[in-house]
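What follows is a single structure, and I will ask about it in a moment.
Only this structure's heavy atoms are used, side chains among them; waters, hydrogens and symmetry mates stay out.
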Amino acid sequence: QVQLVESGGGLVQPGESLRLSCAASDRTTFSSRAMGWFRQAPGKEREFVAAISWDGIRTAASDSLKGRISISRDNAKNTVYLQMNNLKPEDTAVYYCAADQKNYRYSVSGLQHEYDYWGQGTQVTVSS
């Protein structure tokens, strides 16, 4: 069982940036799993934001967010990051990180059912 704890959320103004972090409790699991970020806005379903392979080489991002976000990881620190730039009010949501259910998956997935460990989420509010 691995625990994931997100941090870095908060209230920002449109156009500002945030970097979210997700720390994992177990290095063995973390370093062998792809990691994903998802978000859920009020009244909407949870959606895919970005994902990164276990070795950090392959990434994927939602088409609607490409150009404004980047995902990275530091396996030595058991942490995955989500850098978000030029934030917009529609980015307001709870952001969750998740760990892939398979070890050493070559591809990165945006499918929620392929992730089996989830954090509690961190709130991001973009408002002037």
> Listed by chain and number, what are the side-chain hydrogen bond (donor to acceptor under 3.5 Å, both in side chains) partners of D26, not counting sequence neighbours?
Replying inline: T29
> For R39, which residues count as a salt bridge (charged side-chain N to carboxylate O under 4.0 Å, His left out) partner, sequence neighbours excluded?
Replying inline: E47, D91
> Residues two or more places apart in sequence or in another chain: which of them pass ring-ring contact (aromatic ring centres under 6.0 Å, His included) with Y115?
Replying inline: F38
> For Y104, which residues count as a ring-ring contact (aromatic ring centres under 6.0 Å, His included) partner, sequence neighbours excluded?
Replying inline: W54
> Do any N or O atoms from the side chain of Q112 and from the backbone of R46 form a donor-acceptor pair under 3.5 angstrom?
Replying inline: yes
> Any side-chain donor-acceptor pair under 3.5 Å between N75 and S31?
Replying inline: no
> Does Y81 have any ring-ring contact (aromatic ring centres under 6.0 Å, His included) partners at least two apart in sequence or in another chain, and if so, which?
Replying inline: none
>> What verdict does the side-chain contact (heavy atoms from CB on, under 4.5 Å) test give for K88 and R68, after you've listed the backbone C-alpha separation in whole Å, the side-chain angles of each residue and the deciding distance to 0.1 Å?
In response: CA-CA 10 Å; K88 304 176 180 181; R68 296 196 296 120; 3.9 Å; yes
> What closest approach, in Å, do S109 and A51 show between heavy atoms, and which atom pair accounts for it?
Replying inline: O-CB, 3.7 Å
> Going by the disulfide (SG to SG under 2.5 Å) test, which pairs reach into residues 72-125, not counting sequence neighbours?
Replying inline: C22-C97
> Just wondering, more than 12 heavy atoms not from E45 lying within 6.0 Å of its CD?
Replying inline: no
>> Show me the pairs that pass salt bridge (Lys or Arg N to Asp or Glu O under 4.0 Å) and involve residues 72-82, at least two apart or across chains.
In response: none
>> If you count heavy atoms of other groups shown closer than 6.0 angstrom to CD of Q3, is the number above 12?
In response: no
>> Which residues pass the side-chain hydrogen bond (donor to acceptor under 3.5 Å, both in side chains) test with D55, not counting sequence neighbours?
In response: S53, R58
>> Is it the case that the side chains of S127 and T125 hold a donor-acceptor pair, with the cut-off being a distance below 3.5 Å and no angle test?
In response: no
>> Just so I know, are the side chains of R105 and E114 near enough to count as touching, which here means a heavy-atom distance under 4.5 Å?
In response: yes
>> Test of understanding: with side-chain hydrogen bond (donor to acceptor under 3.5 Å, both in side chains), list the residues that count as partners of Q40, not counting sequence neighbours.
In response: none
>> Check this for me, if you would: do D100 and R33 make a salt bridge, where the nitrogen-to-carboxylate-oxygen distance has to be below 4.0 angstrom?
In response: no
> In the hydrophobic clustering that connects Ile, Leu, Val, Met, Phe, Trp and Tyr at side-chain heavy-atom distances below 4.5 Å, which members other than I71 occupy its cluster, ordered by chain and number?
Replying inline: V2, L4, V12, L18, L20, F30, M35, W37, V49, I52, L65, I69, V80, L82, M84, L87, Y95, Y117, V124, V126
>> So, using side chain to side chain contact (heavy atoms under 4.5 Å, CB included) as the criterion, who are the partners of A41 when residues are at least two apart?
In response: K44, A93
>> Once side chain to side chain donor-acceptor pair (under 3.5 Å) is applied, what residue pairs with a partner in residues 5-21 remain, sequence neighbours excluded?
In response: S17-N85
